[in-house]
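Here's the structure we're looking at; comments come further down.
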Amino acid sequence: MSWAGDPVWLADVLRAEGLRVIEHAGWRERGHGDFRDIRGVLCHHTGGGGPHDWRIVRDGRPDLAGPLAQLVLEKDGTYRVIAAGVCWHAGAGSWPGWPTDDANFHTIGIEAVSCGRAPFDWTPRQLEAYQRGAAAILRRIGRDADDCVAHREYSSEGKIDPAGLDMTEFRWAVQGFIEGGAPMSAAEVDRIQEFITAFCGPIGSDIKDIREQLCGHEQRDAGQYAGWPQLDGLTLVEAIADIRTRLDKLEQGGAR
Ligand SMILES: [Zn+2]
């Protein structure tokens, strides 16, 4: 099963995954013609790493007209939806199940903002959004993580992107997100909160009991733990240390 036609659902599908989305004006009409069937996601890095990388993806370069990918993924995990039509991102190459040298008409390109060299500047938020976003798209088109491919894996033109990402691990995570489905519903979050409260409630009262043992209920109730009046304001630990010091002095005096 494959999706046929332009992915006008991109923004909705990413948002439903719990991701932040910026829709660029006119994205539904932007592109170099219409998709055939969509068979996967092709992963790239921008090679820049700054906050304006998306402009090149939308507008293109002197040698290549934009748009250059449907999506840009910012370092903070925000997706910019640039185009719903075909974009020039794949170039020549091949991948099992994809038509050779024709991936632009069959894959959605994600350009992730990164400098593309060591020391790598990927952020945890960005990587999770990368995997979640790819998973959301693949789930939508009825494909699995085998169709989440690095440009360097597909390309016969020596591409290296996205540099610094292990695609075996990446696909493993993507598959997990595909199978994990959409983010938790409010009811699920409530259930987990109840579970935590049920377990942490007894721990909370244990801590209160310990404080009362150490400092007495008056100080506990007052929320102050300065020390015991009977010990001239010392805490238990301070009082024991004081006793040890005095004992040491007595022993030294006896040995003399
Ligand atoms: Zn690329």
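Counting starts at 1 for both ligands and their atoms, in listed order. Values below: every heavy atom of this structure, side chains too, minus hydrogens, waters and symmetry copies.
Salt bridge annotation for Arg15-Glu23: present, with a cationic side-chain nitrogen under 4.0 angstrom from a carboxylate oxygen. For Asp53 and Arg55, the salt-bridge test fails: no basic side-chain N is under 4.0 Å from an acidic carboxylate O.
Sorted by first and then second residue, the ring-ring contact (aromatic ring centres under 6.0 Å, His included) pairs involving residues 231-252 (not counting sequence neighbours) form an empty list.
Under the 30°/60° scheme for interplanar angles, the aromatic rings of His32 and Trp88 are found to lie parallel.
Through direct or relayed side-chain contacts under 4.5 Å between Ile, Leu, Val, Met, Phe, Trp and Tyr, Tyr154 connects to Leu42, Trp95, Trp98, Val149.
Closer than 2.8 Å to the Zn ion (ligand 1) sit the protein N, O or S atoms His44 ND1, His151 ND1, Asp161 OD2.
Qualifying ring-ring contact (aromatic ring centres under 6.0 Å, His included) partners for Tyr79, counting only residues two or more places apart in sequence or in other chains: none.
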